[in-house]
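See structure below.
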Amino acid sequence: MTEHIQLNAAQETALSRDFTTLSRHVLSHLGSYSPDAYDLSALMGRIGLAGKMISRHLSRAGLVEDALGVTGEVNVQGEAVKKMDQYANRVFIRAFEQSGLVCRLASEEMEKPYYIPENCPIGRYTLLFDPIDGSSNIDSNLAVGSIFSVRQQEGFDEGDAKDLLQNGHKQIAAGYILYGSSTMLAYSVGKGVHAFTLDPSLGEFILSQENLRIPAHGSTYSINEGNFCQWEESMRDYIRYIHRQPGYSGRYSGALVADIHRILFQGGVFLYPGTIDRPDGKLRLLYESAPLAYLVTQAGGRAITGKEDILDVVPQKLHARTPLIIGSPDDVTLVESFLTGQKDAIAAVG
Ligand code: AHG
Ligand code: MN
Ligand code: MN
């Protein structure tokens, strides 16, 4: 006679956790077993696979070829291409070839979208991504990330991908992978934000935080203060105000993903404002600012350019940049009040 085997409560809890893998979570979270839900779940699984391969390569960076240093080329942004930028870009492409899921991929490292013709009749999705965010950190063995955004192709693309030039509300999924002291992935499909930790022994992203909520306020402000003299006066006033307040800590890693990860969990604000030389700042809308804005908004935070919500911005071109102020709602609103000229009232209180 077969007995129903029951483990103790702690063992059952551990088993449930270990089986809550990324693609399983997407499917159960969508609450549907429709073909679309399966596609999105498979798509997230492929993003996870790309993340695992990049994580593996980074973890052995000093031992393998093509992980450290620059290629000698300059990308469409005018920035030196790191070997790891190129490798990670290729990993994302290879992860989606023959997947039937994604017809186009657009990234920071490619001037034009990359088409996968054999997927196009069926693959209705476009993946926009920053393969390595914070790549100047690689040679110092510091945290870097990948950022991703999924959009649905609209209409017929004549090869100019014009339908990608739409606001951030059009994203159907977005998130990041953080290659830190552990590798983590956070995603949203418009139903909250969920974080996973890569268990290297299983080779799986396992759910570690479900329905993350960003604190309303945090003590961290994250900005490159080396640009202080390049900002508008209202931004300088905000930073001077923060300097006078007790309890704030400046934290800036050089990788947007790492800085926003901290803020998502602990609260605070990340800022990359425009400068005299670059009024639209440095960060690219479609594959940096918009996906992170989607994620942080889903967690109860805010993301603005200073003048409008990041998710409302319609880019003029694929590689368009925007200023970015993102994080806890109260902290973003405080910055906004300085930038929109209500600062005197606030400064008087402080
Ligand atoms: P990337 O490596 O994809 O070009 O992105 C780097 C970005 C972002 O991650 C970071 O916050 C910012 O650039 C750092 O720029 P500064 O060195 O100008 O502060
Ligand atoms: Mn980046
Ligand atoms: Mn990058």
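Both ligands and their constituent atoms are indexed starting at 1 by order of listing.
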Check your understanding: What is the nearest protein non-hydrogen atom to atom 7 (C) of ligand 1, stated with its residue, atom name and distance?
Key -> L283 CD2, 3.8 Å
Review point. Which bit of R284 is near ligand 1, meaning a heavy atom under 4.0 Å away: side chain, backbone, both or neither?
Key: side chain
**Study point:** Per-atom contacts of ligand 1 with I132, taking only distances under 4.0 Å to non-hydrogen atoms
**Key:** 2 (O), 3 (O)
Exercise for review: Pull out every atom of ligand 1 sitting under 4.0 Å from any heavy atom of F270, numbered as shown with elements.
Suggested key: 11 (O)
Review point. Of the options Q171, K170, R124, which is the one that meets Q152 in a side-chain contact (heavy atoms from CB on, under 4.5 Å)?
Key: R124
Practice item. Check each atom of ligand 1 against the heavy atoms of E108 and keep those under 4.0 Å away; list them by number with element. Key: 1 (P), 3 (O), 4 (O)
Review point. Do the side-chain N and O atoms of T275 and N227 include a donor-acceptor pair separated by under 3.5 angstrom?
Key: no
Practice item. State yes or no: do L283 and I223 share one hydrophobic cluster built from I, L, V, M, F, W and Y residues joined by side-chain heavy-atom distances below 4.5 Å, directly or via other members? Key: no
Check your understanding: Between L105 and Y187, is there a shared hydrophobic cluster once you connect ILVMFWY residues whose side-chain heavy atoms come closer than 4.5 Å?
Key -> yes
Exercise for review: For ligand 1, find out whether one of its N or O atoms is nearer than 3.5 Å to an N or O atom of D259.
Suggested key: no
Check your understanding: Checking side-chain contact (heavy atoms from CB on, under 4.5 Å) against E288, which of L256, L324, V257 comes through?
Key -> L256
Check your understanding: Nearest protein heavy-atom contact for atom 2 (O) of ligand 1: which residue, which atom, what distance?
Key -> G134 N, 2.8 Å
Point to revise | side-chain contact (heavy atoms from CB on, under 4.5 Å) assessment of L285 paired with R321 | key: CA-CA 5 Å; L285 180 70; R321 299 173 194 260; over 6 Å; no
Check your understanding: Once the angle between the rings of F270 and Y272 is folded into 0 to 90°, is it parallel (under 30°), tilted (30 to 60°) or perpendicular (over 60°)?
Key -> tilted
Review point. Starting from atom 18 (O) of ligand 1, which protein heavy atom do you reach first, and at what distance in Å?
Key: Y272 OH, 2.6 Å
Check your understanding: Strictly under 6.0 Å, is that where the ring centroids of Y287 and F129 end up?
Key -> no
Point to revise | Sphere of radius 2.8 Å around the Mn ion (ligand 3) - protein N, O or S atoms inside | key: E108 OE1, D130 OD1, I132 O
Review point. What atoms in ligand 1 come closer than 4.0 Å to a heavy atom of A255?
Key: 9 (O)
Check your understanding: So, the side chain of N75 versus the backbone of G78: is there a donor-acceptor pair under 3.5 Å, distance only?
Key -> yes
Review point. Does D133 approach ligand 1 within less than 4.0 angstrom via side chain, backbone, both or neither, non-hydrogen atoms only?
Key: both
Point to revise | Check against side-chain contact (heavy atoms from CB on, under 4.5 Å), R90 and Q86 | key: CA-CA 6 Å; R90 193 75 193 126; Q86 220 167 49; over 6 Å; no
Review point. Do any N or O atoms from the side chain of R94 and from the backbone of N89 form a donor-acceptor pair under 3.5 angstrom?
Key: no
Practice item. Pick, from K282, E288, E79, R278, the option with the minimum heavy-atom distance to atom 13 (O) of ligand 1. Key: K282
Check your understanding: Relative to the heavy atoms of D130, which atoms of ligand 1 are at a distance of less than 4.0 Å?
Key -> 3 (O)
Exercise for review: May I ask which of S253, G254, G145 has a heavy atom nearer to atom 10 (C) of ligand 1 than the others do?
Suggested key: G254
Study note, to complete from the structure: The atoms of ligand 1 lying under 4.0 Å from a heavy atom of L256, numbered in the order shown, are 8 (C), 9 (O), 10 (C), 11 (O)
Exercise for review: State plainly whether one hydrophobic cluster holds both M235 and Y248, where clusters connect Ile, Leu, Val, Met, Phe, Trp and Tyr through side-chain heavy atoms under 4.5 angstrom apart.
Suggested key: yes
Check your understanding: Under 4.0 Å from any heavy atom of S135, which atoms of ligand 1 are there?
Key -> 2 (O)
Point to revise | Ligand-side contact atoms (ligand 1) for residue partner Y252, heavy atom cut-off under 4.0 Å | key: 11 (O), 12 (C), 14 (C), 15 (O), 16 (P), 19 (O)
**Study point:** Aromatic ring proximity Y294/H169, centre distance under 6.0 Å
**Key:** no
Exercise for review: Measure centre to centre between the rings of Y238 and F338, then say whether the value is under 6.0 Å.
Suggested key: yes
